[in-house]
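Reminder, nothing fancy here: chain letters follow the sequence lines and each chain counts from 1.
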Number of protein chains: 2
Amino acid sequence: MLDYMSSLGHVYSMKDANERMSDEALELVARRFAVLSEPMRLRLLQSLIDGEKNVNALVAESGGTQANVSRHLQTLAREGLLSRRREGLQVFYSVADESVFNMCCAVCGGIRESLKKDSKALG
Amino acid sequence: MLDYMSSLGHVYSMKDANERMSDEALELVARRFAVLSEPMRLRLLQSLIDGEKNVNALVAESGGTQANVSRHLQTLAREGLLSRRREGLQVFYSVADESVFNMCCAVCGGIRESLKKDSKALG
DNA sequence: TTGATATATGCACATATACGCATATGCTTG
DNA sequence: CAAGCATATGCGTATATGTGCATATATCAA
């Protein structure tokens, strides 16, 4: 695991042209992007901005089925984006750290840039 | 198109709990993440850090087949991450704007956070 | 132990997409 | 026009994954 950390040291600055990401690091990054590439998972993350919530609450807010929401929460937790805490019958999920929002904000900013260019292209 | 821009105004600050992203915005963000969720596409972006390159050069650097590289470049261009410029027989691709790297850096940072937690959990 | 509630999972199905192969298109030169 | 090079695309296939339905597991209460 610490090997990963050190291998990601040079990954963080992708613009450093001298150092290319390894295949493993590349797949790790792709995997993280993939986790965030589902609208329902983004919706769940959004609901969790308020703080930790149990599955039922997230089912109600998201409008998804219990099974599907549970599976997406599993995925997010397994990939390290959510923390899981059991309390009696209920399981509470919460956003693991702030970097989740950084990723989302970066993408939203990227989309804004794309749209700026599009509107320029349209005149 | 300008409608999208205004609808994304509140999207940018995902942490503003009072304003939830619309379904359309959510799908737009998910789509952007999906584009970046392929190792080969990340590799191509990485190659393009140096500046614009034609398809053949990218085929050589990436190690992929011509057909596959071409398709990935199409995807990246269609989604607004790359610019396309034709010059005689060759087609040159280049990174559309810096926000692409911001997205990648944000994700790399997120991974680093995850790994930090993992190493703590392991003792 | 039995029952009730909250969450997770096995299974089947539909859809999306990455990939290789072959071929088509576009552009330039002779 | 024909030939050749660079790039794009149609097609078939394999694989991944999102989803719903039913059911399993886990925890608590009586």
Side-chain angles (χ1 to χ4, degrees), chain A residues 23-24 26-48 51-95, chain B residues 23-24 26-48 51-95:
Chain A
D23 287 15
E24 303 80 41
L26 230 42
E27 283 175 18
L28 210 58
V29 175
R31 187 184 183 81
R32 175 61 55 102
F33 274 121
V35 175
L36 294 167
S37 69
E38 289 298 328
M40 178 60 89
R41 282 199 284 268
L42 293 176
R43 187 191 309 281
L44 292 171
L45 286 175
Q46 198 179 220
S47 283
L48 288 170
E52 71 169 8
K53 293 177 182 173
N54 62 22
V55 180
N56 252 346
L58 291 166
V59 168
E61 289 187 22
S62 67
T65 65
Q66 185 271 327
N68 202 31
V69 169
S70 174
R71 245 184 269 270
H72 281 305
L73 292 171
Q74 299 276 330
T75 299
L76 288 165
R78 171 171 42 82
E79 298 297 327
L81 300 182
L82 293 186
S83 302
R84 211 183 98 113
R85 181 176 68 84
R86 176 144 222 156
E87 185 178 319
L89 281 178
Q90 296 165 342
V91 173
F92 289 86
Y93 285 91
S94 57
V95 177
Chain B
D23 287 14
E24 303 81 42
L26 231 43
E27 283 174 19
L28 209 59
V29 174
R31 186 183 183 82
R32 174 62 53 103
F33 275 121
V35 175
L36 294 166
S37 71
E38 290 298 328
M40 178 60 91
R41 281 200 284 270
L42 293 176
R43 187 190 309 280
L44 293 170
L45 287 175
Q46 199 179 218
S47 285
L48 288 170
E52 71 169 9
K53 294 178 181 172
N54 63 20
V55 180
N56 252 347
L58 292 167
V59 168
E61 290 188 20
S62 68
T65 66
Q66 185 272 326
N68 202 30
V69 169
S70 174
R71 243 185 270 271
H72 281 306
L73 292 172
Q74 298 277 330
T75 300
L76 288 164
R78 170 170 43 80
E79 298 296 328
L81 299 182
L82 293 185
S83 302
R84 214 184 96 112
R85 182 177 69 85
R86 175 143 222 156
E87 186 178 318
L89 281 178
Q90 296 165 339
V91 173
F92 289 86
Y93 285 91
S94 58
V95 177

Student: Kindly indicate whether the side chain of A:Arg32, heavy atoms from C-beta on, has any atom under 4.5 Å from the side chain of A:Leu81.
Tutor: yes

Student: Taking only N and O in the side chain of B:Gln90, is any of them less than 4.0 Å away from OP1 or OP2 of D:dA6?
Tutor: no

Student: Please check the phosphate of D:dT7 (OP1 and OP2 only) for any side-chain N or O of B:Asn56 closer than 4.0 Å.
Tutor: yes

Student: Does the side chain of A:Arg84 come within less than 4.5 Å of A:Gln74's, by heavy atoms?
Tutor: yes

Student: Please determine whether the number of non-hydrogen atoms from other residues, nucleotides or ligands lying under 6.0 Å from atom CZ of A:Arg85 exceeds 12.
Tutor: yes

Student: Tell me, please, which residues at least two apart from B:Ala57 pass side chain to side chain contact (heavy atoms under 4.5 Å, CB included).
Tutor: B:Lys53, B:Asn54

Student: What are the two closest non-hydrogen atoms of A:Ser62 and A:Val69, and how far apart are they?
Tutor: OG-CG2, 3.5 Å

Student: Check the distance between D:dT7's P and B:Leu58's CG and give it to me in whole angstrom.
Tutor: 9 Å

Student: Roughly how many Å is it from CZ in A:Arg84 to P in C:dA6, rounded to a whole number?
Tutor: 16 Å

Student: Going from CG on B:Leu76 to CD on B:Glu38, what distance comes out if it is rounded to the nearest 0.5 angstrom?
Tutor: 10.0 Å

Student: Rounded to whole Å, please give me the gap between CZ in A:Phe92 and P in C:dA8.
Tutor: 12 Å

Student: Provide, to the nearest angstrom, the distance between the CZ atom belonging to A:Arg85 and the P atom belonging to C:dA6.
Tutor: 16 Å

Student: Separation of B:Leu36 atom CG from C:dT17 atom P, in whole Å?
Tutor: 14 Å

Student: When you match A:Thr75 and B:Val91 each to their closest nucleotide on DNA chain D, which lands nearer the 5' end?
Tutor: B:Val91

Student: Rounded off to whole Å, could you give me the CD-to-P distance for the B:Glu79 and C:dA16 pair?
Tutor: 15 Å

Student: Quick check: closest heavy atoms across A:Ser47 and A:Leu58, and the distance to 0.1 Å?
Tutor: CB-CD2, 3.7 Å

Student: Please pick, from D:dT19, C:dA8, D:dG18, the nucleotide with the shortest atom-to-atom distance to any side-chain atom of A:Val55.
Tutor: C:dA8

Student: Starting at atom CG of B:Asn54, determine the distance to atom C1' of D:dT7, rounded to an integer number of angstrom.
Tutor: 10 Å

Student: Using heavy atoms and a sub-4.0 Å distance, could you list which residues of residues 63-73 of chain B are near DNA chain D? By number, please.
Tutor: B:Gln66, B:Ala67, B:Ser70, B:Arg71

Student: Show me the protein contacts with nucleotides 27-30 of chain C, counting only N or O atoms at under 3.5 Å.
Tutor:
none

Student: Ignoring backbone atoms, establish whether B:Tyr93 has a side-chain N or O less than 4.0 Å from OP1 or OP2 of D:dA8.
Tutor: yes

Student: Would you say A:Arg41's side chain and A:Val35's backbone share a donor-acceptor pair under 3.5 angstrom?
Tutor: yes

Student: Rounded to whole Å, how long is the line connecting atom CZ of A:Arg78 with atom C1' of C:dT9?
Tutor: 13 Å

Student: Roughly how far, to the nearest 0.5 Å, is CG of B:Asn56 from OG of B:Ser70?
Tutor: 10.5 Å

